[in-house]
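So the structure is just underneath, and the comments pick up after that.
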Amino acid sequence: MSKHGGVRVRIAPSPTGFAHLGTASTALYNLLFARQNEGTFVLRVDDTDVERYRPEYEALIYESLHWLGLDWAEGPDKGGPFAPYRQSERVDIYKGEAARLIQEGKAYRCYCTPEELEAERRQAQLEKRPYRYSRRCLINPPLDRTVFAVRFKVPGGEIAFIDMVRGGMKFDADLIGDFIIVKSDGYPTYQFASPVDDALMKITHVIRGEEHLSNTPYQLMLVDALGHERAVAYAHMPLILAHDGAKMSKRKHPELNLAIYREQGYLPEAMLNYLALLGWNPGTAQEIFSFDELVRTFSFDRVQHAGARFDWEKLNWMNGEYIRKLGDDELTARLRPFLPQLDEETIRRAIPPLRTRMYKLAQAVDYLDYLWTDPAPPALDPEAAERVKAAINALKDVPWEPESIEAALEEAVARSGAGKGKFYTPLRDALTGKKVSLPIHYTLHLLPRDVALQRLQRATNVRV
RNA sequence: GGCCCCGUCGUCUAGUGGCCUAGGACGCAGCCCUCUCAAGGCUGAGAUCGCGGGUUCGAAUCCCGCCGGGGCUACCA
């Protein structure tokens, strides 16, 4: 396998907030490609932003990825032949690489302050010319300063590479200014750490979001300067946009947070399916894909070039499809965490009427919370109260099963001369306190008979 | 500002010169089923293919320009 020069891919999420939808999407495509090639999927944690890093964010990434079943072979928690996999634990490596570049005259110390840099930038903007670092610290380094960052001396020229979704890419590196590779706090920038690790970890294919397309020439120049081998190809996946076409933001777009899907009861396999179709299509009418089917069908040449908007409606539909396909045992098991108040047997009995009524598991709570929450008895008009009484009579001795309850009720309805609607509505109200519920016979059946009859009885005593 | 990517129904998309009076899916509307809500079945509305020029007998598909959106241009990743 990978030991003999096989495919190696990675994701490199940054633990600076909750786990992102984009991370899941990128991980999916990486894993798909790895599986297709019997390659190795690596997880590397990009924790070089000391300001924003939190260990709990890192835990969130593991959690979400595990939930989705997107498992890695090498990572900080698993180790591997290229450990460590946490960039904060690799700073010596980056420092060494940076020192080598300085020694070879391919990088230099920059003592400029943020203010000075800002002034340079503003000046450039004022003169309406593209900004590039002036190289003042290369040409004429100050002697009285000690705090420095390391800048890469960009060689310029044309940088070309293969993008598996877009084909051959070409960038003019003469337009790129010298950029910082080691910050003054000693940590590497993303632009530096990422290519160094990719090279050292023998990553063969870099599959990541489109926001990194323009970063690629920066990183390629570094790889070349360091004398490392370049990845054989890149793939830049279309961005997932918010529904309004804007970039997703933490504030305005809860759908960015991976944790909410689990909390709401979206199935991991539905998420993966939806994510796969957001930015890729098989060229056929098929929309429902198991993971294995995706492995068989996915290819980068059918990946979309434009960003795709996230659509709750379609996700909901797809999740519903997956829920409806689940067997009773499986659905029961998945529902349990959402219904801690109910025993397994009750959940199981609720499943037949429940299955087609949910597009996400958390909705089961709305349908079933009457089982553990006593509703306020409704105020009934005399006619309705009579019907409830008739129902009580009909239900008193009937076997407590959905079918027999339904039959008894229908008989009572016929006798009453009223329609089912008029007859069942007060029952539903007395039983659940709601306008919407599971079919009335199931609503009754799921409740113990004595509790059900008690709620009905009580309702006959309350008058408008 | 510079560089790069992108632009087909509201949304995700099929489409690589004639098979397109532009297909599918979600959503939407109507009907059927029906105790409510779903699911399911049937039917339907919805895109002058961003705009303007070319090339061609013929363009959503090729070329040019423009406009619009996004990304990068940070001691964020």
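Letters go in sequence order (proteins before strands), and every chain restarts at 1. These numbers come from the heavy atoms of this one structure, side chains and all, not from hydrogens, waters or symmetry mates.
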State plainly whether the residues [X] and [Y] are in salt-bridge range, i.e. N to O under 4.0 Å.
X	Y	answer
K183(A)	E51(A)	no
R90(A)	E97(A)	no
E56(A)	R54(A)	no
E383(A)	K422(A)	no

Heavy atoms from C-beta onward define the side chain here; which of [options] lies closest to that of [X]?
X	options	answer
L239(A)	rG71(B), rA77(B), rC4(B)	rG71(B)
R428(A)	rC76(B), rC35(B), rC5(B)	rC35(B)
L213(A)	rC4(B), rG24(B), rC3(B)	rC4(B)

Separation of the [atom1] atoms in [N] and [M], to the nearest angstrom:
N	M	atom1	result
rC37(B)	rC76(B)	C1'	47 Å
rC28(B)	rC75(B)	P	48 Å
rC72(B)	rC63(B)	C1'	28 Å
rU43(B)	rG7(B)	P	33 Å
rU21(B)	rG2(B)	P	41 Å
rC51(B)	rA59(B)	C1'	16 Å
rG58(B)	rG18(B)	P	14 Å
rU55(B)	rU61(B)	C1'	13 Å

Between [N] atom [atom2] and [X] atom [atom1], what is the distance in whole Å?
X	N	atom1	atom2	result
R132(A)	rG2(B)	CZ	P	14 Å
D47(A)	rC76(B)	CG	C1'	14 Å
L277(A)	rA14(B)	CG	C1'	12 Å
E51(A)	rC75(B)	CD	P	14 Å
K247(A)	rC76(B)	NZ	P	16 Å
Y57(A)	rC76(B)	OH	C1'	14 Å

Any donor-acceptor pair under 3.5 Å linking the side-chain atoms of [Y] with those of [X]?
X	Y	result
Y94(A)	D197(A)	yes
Y131(A)	Q125(A)	no
N273(A)	Y322(A)	yes
T443(A)	S437(A)	yes
T216(A)	R208(A)	yes
N281(A)	R302(A)	yes

Do you know which two heavy atoms are closest between T297(A) and F289(A), and how far apart they sit? OG1-CE2, 3.9 Å
How is [X] classified with respect to the nucleic acid when contacts are heavy atoms under 4.0 Å: base, sugar-phosphate, or nothing?
X	result
T48(A)	sugar-phosphate
S437(A)	base
K434(A)	nothing
H441(A)	base
I440(A)	base
S184(A)	base
I180(A)	base
E313(A)	sugar-phosphate
G320(A)	nothing

Once you apply the 3.5 Å cut-off to both distances, tell me the Watson-Crick or G-U wobble partner of [N], or none.
N	value
rU36(B)	none
rA14(B)	none
rG1(B)	rU73(B)
rG7(B)	rC67(B)
rC28(B)	rG44(B)

Would you tabulate the pairs of protein nitrogen or oxygen atoms and nucleotide nitrogen or oxygen atoms of nucleotides 38-40 of chain B closer than 3.5 angstrom?
{"from": "rA38(B)", "atom 1": "O2'", "to": "T356(A)", "atom 2": "O", "distance (Å)": "2.3"}
{"from": "rA38(B)", "atom 1": "N3", "to": "T356(A)", "atom 2": "OG1", "distance (Å)": "3.0"}
{"from": "rA39(B)", "atom 1": "O4'", "to": "T356(A)", "atom 2": "O", "distance (Å)": "3.3"}

Say you draw a straight line from [atom1] of [X] to [atom2] of [Y]; how long is it, rounded to the nearest 0.5 Å?
X	Y	atom1	atom2	result
F338(A)	M358(A)	CZ	CE	9.5 Å
I207(A)	H236(A)	CD1	NE2	10.5 Å
Y424(A)	L444(A)	OH	CG	9.5 Å
F41(A)	R10(A)	CZ	CZ	10.0 Å

For RNA chain B, whose closest nucleotide is more 5', that of L241(A) or that of R129(A)? R129(A)
Nearest-nucleotide 5' precedence on RNA chain B, E406(A) against P238(A): P238(A)
Solution key, residues 244-253 of chain A side-chain donor-acceptor pairs under 3.5 Å, sequence neighbours excluded:
{"from": "D244(A)", "atom 1": "OD1", "to": "A246(A)", "atom 2": "N", "distance (Å)": "3.0"}
{"from": "S249(A)", "atom 1": "OG", "to": "K252(A)", "atom 2": "N", "distance (Å)": "3.2"}

Between the protein and nucleotides 15-18 of chain B, list every N/O to N/O distance that falls short of 3.5 Å.
{"from": "rG15(B)", "atom 1": "OP1", "to": "R302(A)", "atom 2": "NH1", "distance (Å)": "3.2"}
{"from": "rG15(B)", "atom 1": "OP1", "to": "R302(A)", "atom 2": "NH2", "distance (Å)": "3.1"}

Of the residues in residues 215-226 of chain A, which ones touch RNA chain B at a heavy-atom distance under 4.0 Å? N215(A), Y218(A)
Can a side chain N or O of K170(A) be found less than 4.0 Å away from OP1 or OP2 on rC3(B)? no
Review item, nucleotides 6-11 of chain B N/O atoms under 3.5 Å of protein N/O:
{"from": "rC6(B)", "atom 1": "OP1", "to": "H305(A)", "atom 2": "ND1", "distance (Å)": "3.0"}

Under 3.5 Å, which donor-acceptor pairs link side chains of residues 168-178 of chain A to any protein atom two or more places apart or in another chain?
{"from": "D172(A)", "atom 1": "OD1", "to": "D174(A)", "atom 2": "N", "distance (Å)": "3.0"}
{"from": "D174(A)", "atom 1": "OD1", "to": "G157(A)", "atom 2": "N", "distance (Å)": "2.8"}
{"from": "D178(A)", "atom 1": "OD1", "to": "R135(A)", "atom 2": "NE", "distance (Å)": "3.4"}
{"from": "D178(A)", "atom 1": "OD1", "to": "R135(A)", "atom 2": "NH2", "distance (Å)": "3.0"}
{"from": "D178(A)", "atom 1": "OD1", "to": "V154(A)", "atom 2": "N", "distance (Å)": "2.9"}
{"from": "D178(A)", "atom 1": "OD2", "to": "Y108(A)", "atom 2": "OH", "distance (Å)": "2.6"}
{"from": "D178(A)", "atom 1": "OD2", "to": "R135(A)", "atom 2": "NE", "distance (Å)": "2.5"}

